[in-house]
Protein chains: 2
Amino acid sequence: MSLVIIGTIAYDAIETPFGKTDKIVGGAAMFAGIAASYLYDRVKLVSVVGEDFGDDNLNTMRSKGINLDGVQVKKGEKSFFWSGKYHNDMNSRDTLITELNVLADFDPIVPDSYQDCEYLLLGNLTPQVQLTTLDRLQRKPKLVVLDTMNFWMDIALDDLLRVLKRVDVLTINDAEARQLSGEYSLVKAAEKILQLGPRYLIIKKGEHGALLFGEDRIFAAPALPLAEVYDPTGAGDAFAGGFVGYLARVGTVNFNNMKNAVIFGSVLASFCVEKFGAERLRELDSSLINERIERFTELSKFDI
Amino acid sequence: MSLVIIGTIAYDAIETPFGKTDKIVGGAAMFAGIAASYLYDRVKLVSVVGEDFGDDNLNTMRSKGINLDGVQVKKGEKSFFWSGKYHNDMNSRDTLITELNVLADFDPIVPDSYQDCEYLLLGNLTPQVQLTTLDRLQRKPKLVVLDTMNFWMDIALDDLLRVLKRVDVLTINDAEARQLSGEYSLVKAAEKILQLGPRYLIIKKGEHGALLFGEDRIFAAPALPLAEVYDPTGAGDAFAGGFVGYLARVGTVNFNNMKNAVIFGSVLASFCVEKFGAERLRELDSSLINERIERFTELSKFDI
């Protein structure tokens, strides 16, 4: 049994109101993988990097117990590179540079050792690659979680709708839920999206928390109010990784576990934004995570 | 012992994407008073209306057990009138008409029978009138709650800062908290605002719920996800009325009761937006309110 995560491993260069970075390690699979590794010990990544990608960066992931057998290292090629600048509100950003490089013809390899996959996270990536990954798993996983973004709704909606039919959980943000459904009300948006395939929908609302829809129920998770958000990059991926990592650990999918998984996802995301890139995410341990779970409980608990 | 609420009683004409109304009954004191009346039975209003204000409208409030001895009816004058149009997102609106009428020279009367005031809600109104009301109470109330808006920050900031020094709780929305503090982060905004006088700050975030700050703690209340928001007018007033009404009922101010009060405020606000004006708010009873409290509990409860 394992948790397989497919997504990018990349270089990012980020500018926020708090500063800017040179090329640092980024990518959906990296953020999600590290987040999940704190909650579950059989995390396996499917991704691709270029020869320029430092071995030390891969070793950081290995040191978290993450299996990288499915990560191709392409000789003579360069890693995916993204550069972006966040606006003052930290909710919107401009993409400055996108160099696809190895991602341009990424053909995902799913090693035999990954065929024990029970939990699958299709991290934010071309829907076509997500479909190929699904096809290359001989057995349907117990739970398939899909994370995507508006970019794929704009340029690959048909493929995305095809993936949606085959997943159990979709995580997107509020603007994306509105775009995908054509409904402003998130309740109506959720109704429509749940007819496209997934049994559960998580709408991420950044500083406003997240909503979980499914089984005709709704759960509202708060976000931790933070004095500073240094860098939102990867927060959605860390959320997805924490979410599916928790479910893999408890091994049973029901609404109560899904609620807790949303809280774990929110906790990992709340750490992620405290420093640039994955710097904060890398330095966690279970006691820091449990302390923050306590803060989330304290934050939202009431007893009438 | 009583709960005194000062604010406008007015006529509104409202346009939203769901339709438009002729002149209907509105005003902060009306919304807050009706909301509070479901939770506490000694609610007393201070306000002013013109001769044009229908007796039946006043009787509707009286039928909820609300004391109107402090509501002046000005012969030969007209009631305050506001007309506004909400945009599609329901979060922003344009004011089309503001006729101050009786409000222009409103000199609040605090009847002797109101001097038993223990809980005071200074509803959204000119800060100078809020100050006069405070001055006319012979005994400092146990708890003073202030609701205000960006308009007063724009045109009467000095007076508003004077009121702030004398209140225990301030309720404003997130944009107003940012404006008042000059801080984008709501955590930092709260730190600054709590140095201006109030011991507690509630930041209302509309469809994203509300945050309560105080005693070095934070509580995050969800909003009820609604398929349709017909008319947001009065939701903030209903929130404030439900909030202070609950505190008046339990009679003890501490963080746990404040949290529950925020939930009651959110419940009353969630009803308010379901129909135009106070139409939905008027038709409630304790069983409907308790059912919705259950929904809020269900919505945000988790157990890790």
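Each chain gets a letter, A, B and so on, in the order the sequences are listed, and its residues count up from 1. Nothing here was measured: the structure is a model prediction, and the numbers come from that model.
- Heavy-atom distances place both the backbone and the side chain of B:Ile218 under 4.5 Å from chain A.
- Of all non-hydrogen atoms in B:Leu3 and B:Ala248, the two that sit nearest each other are CB-CB, 4.3 Å.
- Taking every heavy atom of both residues into account, A:Pro198 and A:Leu196 meet most closely at CD-C, 3.6 Å.
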Test side chain to side chain contact (heavy atoms under 4.5 Å, CB included) on A:Leu201 and A:Ile172; report intermediate values, then the result. CA-CA 8 Å; A:Leu201 169 68; A:Ile172 44 179; 4.0 Å; yes
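- A side-chain contact (heavy atoms from CB on, under 4.5 Å) with A:Leu121 holds for exactly one of A:Val144, A:Val145, A:Val169; it is A:Val145.
- Looking at B:Ile263, only its side chain comes within 4.5 Å of chain A, counting heavy atoms on both sides.
- We find the CD1-CZ distance between B:Ile203 and B:Phe213 to be 4.5 Å, quoted to the nearest 0.5 Å.
- Of all non-hydrogen atoms in A:Leu299 and A:Ala223, the two that sit nearest each other are CD2-O, 3.5 Å.
- At a 4.5 Å heavy-atom cutoff, the contact between A:Leu186 and chain B is made by side-chain atoms alone.
- Residue contact with chain B, scored on non-hydrogen atoms closer than 4.5 Å, involves the backbone and the side chain of A:Ile304 alike.
- Closest approach of A:Ala235 to A:Cys272, counting heavy atoms only: N-SG, 3.9 Å.
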Could you list each N or O donor-acceptor pair linking chain B to chain A at a distance under 3.5 Å?
{"unit_1": "B:Arg178", "atom_1": "NH2", "unit_2": "A:Glu207", "atom_2": "OE2", "d": "3.2"}
{"unit_1": "B:Ser185", "atom_1": "OG", "unit_2": "A:Leu226", "atom_2": "O", "d": "3.3"}
{"unit_1": "B:Ser185", "atom_1": "OG", "unit_2": "A:Ala227", "atom_2": "O", "d": "3.1"}
{"unit_1": "B:Lys188", "atom_1": "NZ", "unit_2": "A:Glu228", "atom_2": "OE2", "d": "2.7"}
{"unit_1": "B:Lys205", "atom_1": "NZ", "unit_2": "A:His208", "atom_2": "ND1", "d": "3.0"}
{"unit_1": "B:Glu207", "atom_1": "OE2", "unit_2": "A:Arg178", "atom_2": "NH2", "d": "3.2"}
{"unit_1": "B:His208", "atom_1": "ND1", "unit_2": "A:Lys205", "atom_2": "NZ", "d": "3.0"}
{"unit_1": "B:Arg217", "atom_1": "NE", "unit_2": "A:Glu298", "atom_2": "OE2", "d": "3.1"}
{"unit_1": "B:Arg217", "atom_1": "NH2", "unit_2": "A:Glu298", "atom_2": "OE2", "d": "3.1"}
{"unit_1": "B:Ala220", "atom_1": "N", "unit_2": "A:Leu299", "atom_2": "O", "d": "2.8"}
{"unit_1": "B:Leu226", "atom_1": "O", "unit_2": "A:Ser185", "atom_2": "OG", "d": "3.3"}
{"unit_1": "B:Ala227", "atom_1": "O", "unit_2": "A:Ser185", "atom_2": "OG", "d": "3.1"}
{"unit_1": "B:Glu228", "atom_1": "OE2", "unit_2": "A:Lys188", "atom_2": "NZ", "d": "2.6"}
{"unit_1": "B:Lys259", "atom_1": "NZ", "unit_2": "A:Lys301", "atom_2": "O", "d": "2.7"}
{"unit_1": "B:Asn260", "atom_1": "ND2", "unit_2": "A:Asp303", "atom_2": "O", "d": "3.3"}
{"unit_1": "B:Glu298", "atom_1": "OE2", "unit_2": "A:Arg217", "atom_2": "NE", "d": "3.1"}
{"unit_1": "B:Glu298", "atom_1": "OE2", "unit_2": "A:Arg217", "atom_2": "NH2", "d": "3.1"}
{"unit_1": "B:Leu299", "atom_1": "O", "unit_2": "A:Ala220", "atom_2": "N", "d": "2.8"}
{"unit_1": "B:Lys301", "atom_1": "O", "unit_2": "A:Lys259", "atom_2": "NZ", "d": "2.7"}
{"unit_1": "B:Asp303", "atom_1": "O", "unit_2": "A:Asn260", "atom_2": "ND2", "d": "3.3"}

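- For chain A, the nearby part of B:Leu211 is the side chain; its heavy atoms alone come within less than 4.5 Å.
- The CZ atom of A:Phe271 sits 8.5 Å away from atom CG of A:Leu224, with the distance rounded to the nearest 0.5 Å.
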